[in-house]
Amino acid sequence: WKLAGWGMYAAPRPNYRGMDVVGFVEESGPAQQLGAPSQKMRDEAGHFLERYRWLRRLARPDALAQAIRESRPDWTTIRIVVYRSHVEPETGMVILKDFTYEYSG
């Protein structure tokens with residue numbers, strides 16, 4: 001009993017967070033992947049992911065969406081999908097969960 005039973009409360013804390021950004025020129029058109037983001041977009045993405053790490057869905061990527069909108073004014077819809085690792089209590093497996101933010105207009 002080296003850890004006095006604390007091992008049963010331990011869980012891996014993987015800190016994988018990532019995102020995918022796509023845009024649509026037309027509502028029914030094909031999705032376009034955001035390629036070669038500017039330094040401003042990378043900075044905003046980093047700030048947002050750090051907030052998302054702690055706040056989860058309460059964090060909003062509004063500043064990132066604004067930076068994307070300035071870079072790609074032809075996109076009528078922006079979709080930001082955030083991925084994070086999660087330990088499933090039932091199986092103990094680490095899976096990726098995603099949450100989607102969508103900005104139209």
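With sequence neighbours left out, Glu26 forms a side-chain contact (heavy atoms from CB on, under 4.5 Å) with no residue at all. Looking at residues two or more places apart in sequence or on another chain, you find a side chain to side chain donor-acceptor pair (under 3.5 Å) between Gln32 and Arg72, Trp75. Legend: residues meeting ring pair (Phe, Tyr, Trp, His ring centres under 6.0 Å) with Phe24, ordered by chain and number and at least two apart, are absent. Taking the side-chain contact (heavy atoms from CB on, under 4.5 Å) definition, one finds that Ser38 meets it with Lys40, Met41, sequence neighbours left out.
Between the OG atom of Ser71 and the CG atom of Leu34 there is a distance of 6.5 Å, given to the nearest 0.5 Å. Atom OG1 of Thr100 sits about 7.0 Å away from atom CZ of Arg79, to the nearest 0.5 Å. To the nearest 0.5 Å, atom CD1 of residue Ile68 and atom CD1 of residue Ile80 are 4.5 Å apart.
For the pair Arg84/Leu96, no side-chain contact is recorded, criterion being any heavy-atom separation below 4.5 Å from C-beta on. Side-chain contact between Ile78 and Glu102 is absent, with no heavy-atom pair separated by less than 4.5 Å.
Residue pairs meeting the side-chain hydrogen bond (donor to acceptor under 3.5 Å, both in side chains) criterion with at least one partner in residues 89-99, sequence neighbours excluded, are Glu88-Thr91.
Side-chain N/O atoms of Gln66 and Arg69 include no donor and acceptor closer than 3.5 Å.
The aromatic rings of Phe99 and Tyr101 sit perpendicular to each other, their planes meeting at more than 60°, with 30° as the lower class boundary.
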Please output the side-chain donor-acceptor pairs of residues 56-64 that fall under 3.5 Å, not counting sequence neighbours, one pair per line with the distance.
from, atom 1, to, atom 2, distance (Å)
Arg56, NH1, Arg53, O, 2.8
Asp62, OD1, Tyr103, OH, 2.5

